[in-house]
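For clarity, every value in this text was computed on a predicted model and none was experimentally measured.
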Amino acid sequence: MKEEEAISLLLEGKLKRVGVKRAVFADIPDEEPIEWVWFDLVDQDHNARLENGNLYMDIWYCALPNLPEDSFVDKREIKTPKGFVTLFKFRMMVELDYISLDGKRIWLN
């Protein structure tokens, strides 16, 4: 599948999971990017959008040390069996690797 087709499906909210080659924290310039991961999009307001030809998504992620208040979009505390964990929603620029559509993994070319 072509990347443009996959992005269209993502923007239309038709995908439940995407594989990502690289995700860069858009508002934390010195933070290391995340590479070769997948993001589960079920029940998430990932707010996918194109800006200047780049694909951005808002992704919930674990805490990073010394976060400035303007580096994340939102935060929430969730209860786990070992106590409370704070998750942060970051604006990330992503490069897609594959999508999951109707239970099938489709690689991009």
**Q** Taking distance alone, no hydrogens or angles, what donor-acceptor pairs closer than 3.5 Å link side-chain atoms of residues 3-16 to residues at least two apart or in another chain?
**A**
| unit_1 | atom_1 | unit_2 | atom_2 | d |
| --- | --- | --- | --- | --- |
| E5 | OE1 | K2 | N | 3.0 |
| S8 | OG | E4 | O | 3.2 |
| E12 | OE1 | K14 | NZ | 3.1 |

**Q** Hydrophobic cluster mates of W36, side-chain heavy atoms under 4.5 angstrom, ILVMFWY only, any path?
**A** none
**Q** Using atom types as modelled, flag every donor-acceptor pair under 3.5 Å from a side chain in residues 89-103 to any protein atom, sequence neighbours excluded.
**A**
| unit_1 | atom_1 | unit_2 | atom_2 | d |
| --- | --- | --- | --- | --- |
| K89 | NZ | D45 | O | 3.1 |
| K89 | NZ | D45 | OD1 | 2.7 |
| K89 | NZ | D45 | OD2 | 3.0 |
| R91 | NE | D27 | OD2 | 3.3 |
| R91 | NH1 | E51 | OE1 | 3.3 |
| R91 | NH2 | D27 | OD1 | 3.0 |

**Q** Hey, quick one: are M57 and I28 part of the same hydrophobic cluster, counting side-chain heavy atoms closer than 4.5 Å, chains of contacts allowed?
**A**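 Shared cluster, yes.
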**Q** Do I34 and V24 sit in the same hydrophobic cluster, where Ile, Leu, Val, Met, Phe, Trp and Tyr count as joined when their side-chain heavy atoms come under 4.5 Å apart?
**A**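 As far as the 4.5 Å side-chain criterion goes, V24 and I34 are not connected within one cluster.
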**Q** Give, for atom OH of Y61 and atom CZ of F88, the distance between the pair rounded to the nearest 0.5 Å.
**A** 13.0 Å
**Q** Are V37 and I106 connected, step by step, through hydrophobic side chains (Ile, Leu, Val, Met, Phe, Trp, Tyr) whose heavy atoms are closer than 4.5 Å?
**A** yes
**Q** For N47, which residues count as a side-chain hydrogen bond (donor to acceptor under 3.5 Å, both in side chains) partner, sequence neighbours excluded?
**A** D58
**Q** Identify all side-chain donor-acceptor contacts of residues 70-85 below 3.5 Å with residues at least two apart in sequence or on another chain.
**A**
| unit_1 | atom_1 | unit_2 | atom_2 | d |
| --- | --- | --- | --- | --- |
| S71 | OG | P68 | O | 2.7 |
| T80 | OG1 | K82 | N | 3.3 |
| T80 | OG1 | G83 | N | 3.4 |
| T80 | OG1 | G83 | O | 2.6 |

**Q** Kindly work out whether a path of hydrophobic side-chain contacts (I/L/V/M/F/W/Y, heavy atoms less than 4.5 Å apart) joins W38 to M1.
**A** no
**Q** Hydrophobic clustering (ILVMFWY, side-chain heavy atoms < 4.5 Å, transitive) - are L50 and F39 grouped together?
**A** yes
